[in-house]
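Order of listing sets the numbers, starting from 1, for every ligand and every atom in it.
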Amino acid sequence: MFSLQETGGAAVDRHERTSLDPDDWQALRKQGHRMLDDMFDHLHTLATKPVWQHAPSPARAKFNGPLPIEGSDLADVHAIFREYILPYGSGNIHPGFMGWVQGGGTVTGMLAEMLAGGLNANLGGRDHMPIEVERQIIRWTREIFSFPETAGGIFLTGASQANFVAVQIARCRKLGRDVRATGLSDESRLVAYASSEVHGCVPRAFEMSGIGSNQLRRIAVNELGQIDIDALEQAILRDEQEGFTPFLLIGSAGTVNTGAVDDLVALRGIADAHDLHFHVDGALGALGVLSEELAPLFAGIEACDSLAFDFHKWGQVPYDAGFLLVRDTEWQRQTFASDAAYLSRAATGLAGGDWWPCDYGPDLSRGFRALKTWFTLKTYGVKALGDSMSANCKLARRLAERIEQEPALKLLAPVALNIVCFAYVGADGSMPALVNSHIVERLHAEGRVAPSLTHLNGQPAIRAAIVNHRTRQTDIDALVRSVLTIGSQQDLPQC
Ligand SMILES: *Cc1c(COP(=O)(O)O)cnc(C)c1O
């Protein structure tokens, strides 16, 4: 039996020691508290700092150093972090951040990350409590989306990975488990469907799967940015007549450009009629079901076969925390389980446990993403998260109204959720579209608000994606004010 006395207090020769633990835990403790306080201060005073600032060359040069052969003091290393990393983040935690679609993170999530780091759990499998925490999240996720008891799920890096895994699952469902060994044959002729507004990670999933992105039919959208149902049905019928094998239909619950939600009820019907796996990419919007006010927008999401979404976007869990929910967890096993000898299971003991995530997804070693998610859901509750999403959408609607009242601005897409795409068009409506890319660059440099630039029908658009729980009306006002100011300074013939 291990006894404390054997090692306790015994002086260990410095040269025999290989442990990386500190000699002086007291000093470490002090330094650790300083680091923690520092981050609290940073988060507490965020709004007084720029959203983003360009990292100067001395900062970049710090990270072009030689490989450290000998170690340095933790306090010194932390000082480098404070000076050269902390001020030069991408800004997504800041209330003025509206670029792309990124979550703001929370203090609770940060603390949970620290605990998870201390535990250093590996959630590939085995019998330990962290696995139970992930299972708790799966059960809660089932409840959030009204999925049946048969449903399973798994944490992944993000929705890009979750969409990819869903393609693998759909492929196995259509062609059978043997396809894992045989690969696709010339006769497979798999084809899938999504709208032309589907996120770029979806065609990439087809490239990575070996099916090929040409086999993803990108269907036109209607004026609301939703997949055109008639065009979809025609495309499926045409493919069937030509001897292809339609196997997968992908709906969007919040398109990346404009936040449009496809008609998920209609898509379920089409998937049933043609024996397709019905997957939903809900990276951006799906968690909106937590808001009573927003939930009706996602009608039908409860009936999909698999759902990719991100706790790290609207869920505000710190990066990364993507998730795939699957209607029948057996489909996951069929796609991923294998019986390697070094992973053999025991009836009891550490090698026991009846749910090993490595059987349900592509990863073996996996971090404890479930802990920061569990802390977030427990400490805030899903009501507060839903309220924050409603508040984001309200700000988006107000912004859209403001744009429509302002002759120099033009709303470029309907606002279904939390994304507003617009352009500066000048007082007479004739401003060259290129001005808008300049405006966005200037806004980034000024550091008060940071929208991003996208293109809608080939036209540059300023895109404000309001995802952060810290964003307020004053940030929206600052956006409008700054766009008008910078735009009015651009009275040049061409920019
Ligand atoms: C962000 C996003 C993705 C990709 O998700 P990651 O978590 O960044 O991998 C996919 N689809 C949509 C609609 C997104 O907004």
Tell me which part of [X] gets within contact of ligand 1: side chain, backbone, both or neither, using heavy atoms under 4.0 Å.
X	answer
Ser160	both
Asp281	side chain
Ala159	both

In this structure, does ligand 1 have an atom that sits under 4.0 Å from one of the heavy atoms of Val101?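 So Val101 does not count as touching ligand 1.
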
Is there a heavy atom of Gly254 sitting under 4.0 angstrom from any atom of ligand 1?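 Yes, Gly254 has heavy atoms under 4.0 Å from ligand 1.
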
Element-labelled atoms of ligand 1 that are located less than 4.0 Å from some non-hydrogen atom of [X]:
X	answer
Cys201	10 (C)
Leu284	15 (O)
Ala283	2 (C), 3 (C), 10 (C), 11 (N), 12 (C), 14 (C)
Gly158	7 (O), 9 (O)

Suppose we call two aromatic rings close when their centres sit under 6.0 Å apart. Are His94 and Trp52 close by that rule?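 Not close enough - the centres of the two rings lie 6.0 Å or further apart.
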
Would you check if the distance from the ring center of Phe336 to the ring center of Tyr360 is below 6.0 Å?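 For Phe336 and Tyr360, the ring centres are not under 6.0 Å apart.
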
Do [X] and [Y] pair up side chain to side chain, a donor and an acceptor below 3.5 Å, judged on atom types alone?
X	Y	result
Glu401	Gln405	no
Thr45	Lys49	yes
Thr150	Asp328	no

Can you confirm whether more than 12 heavy atoms, excluding those of Glu292, are under 6.0 Å from its CD atom?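 Not buried by this count: 12 neighbours or fewer within 6.0 Å.
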
Give the residue and atom name of whichever protein heavy atom lies nearest to atom 7 (O) of ligand 1, and the separation in Å to one decimal.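 Answer, as residue, atom name and distance: Asp310 OD2, 2.6 Å.
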
Considering only the protein, which heavy-atom contact is closest to atom 2 (C) of ligand 1, and what is its distance?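 Scanning the protein heavy atoms, the shortest distance from atom 2 (C) of ligand 1 goes to Lys313 NZ, 2.3 Å.
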
Taking distance alone, with no angle check, do Thr255 and ligand 1 share an N/O pair under 3.5 Å?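 No; every N/O pair is 3.5 Å or more apart.
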
State whether the shortest distance between N or O atoms of His312 and N or O atoms of ligand 1 falls below 3.5 angstrom.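 Indeed, backbone or side chain, His312 has an N or O that close.
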
Over 60° means perpendicular and under 30° means parallel, so tell me whether Phe147 and Phe145 are parallel, tilted or perpendicular.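 Ring orientation, 0 to 90° scale: perpendicular.
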
Parallel under 30°, tilted from 30 to 60°, perpendicular over 60°: which one fits the rings of Phe323 and Phe311?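 Answer is perpendicular, since the angle exceeds 60°.
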
Can Lys394 and Asp387 be counted as an ion pair, charged N to O under 4.0 angstrom?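 No, this pair does not count.
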
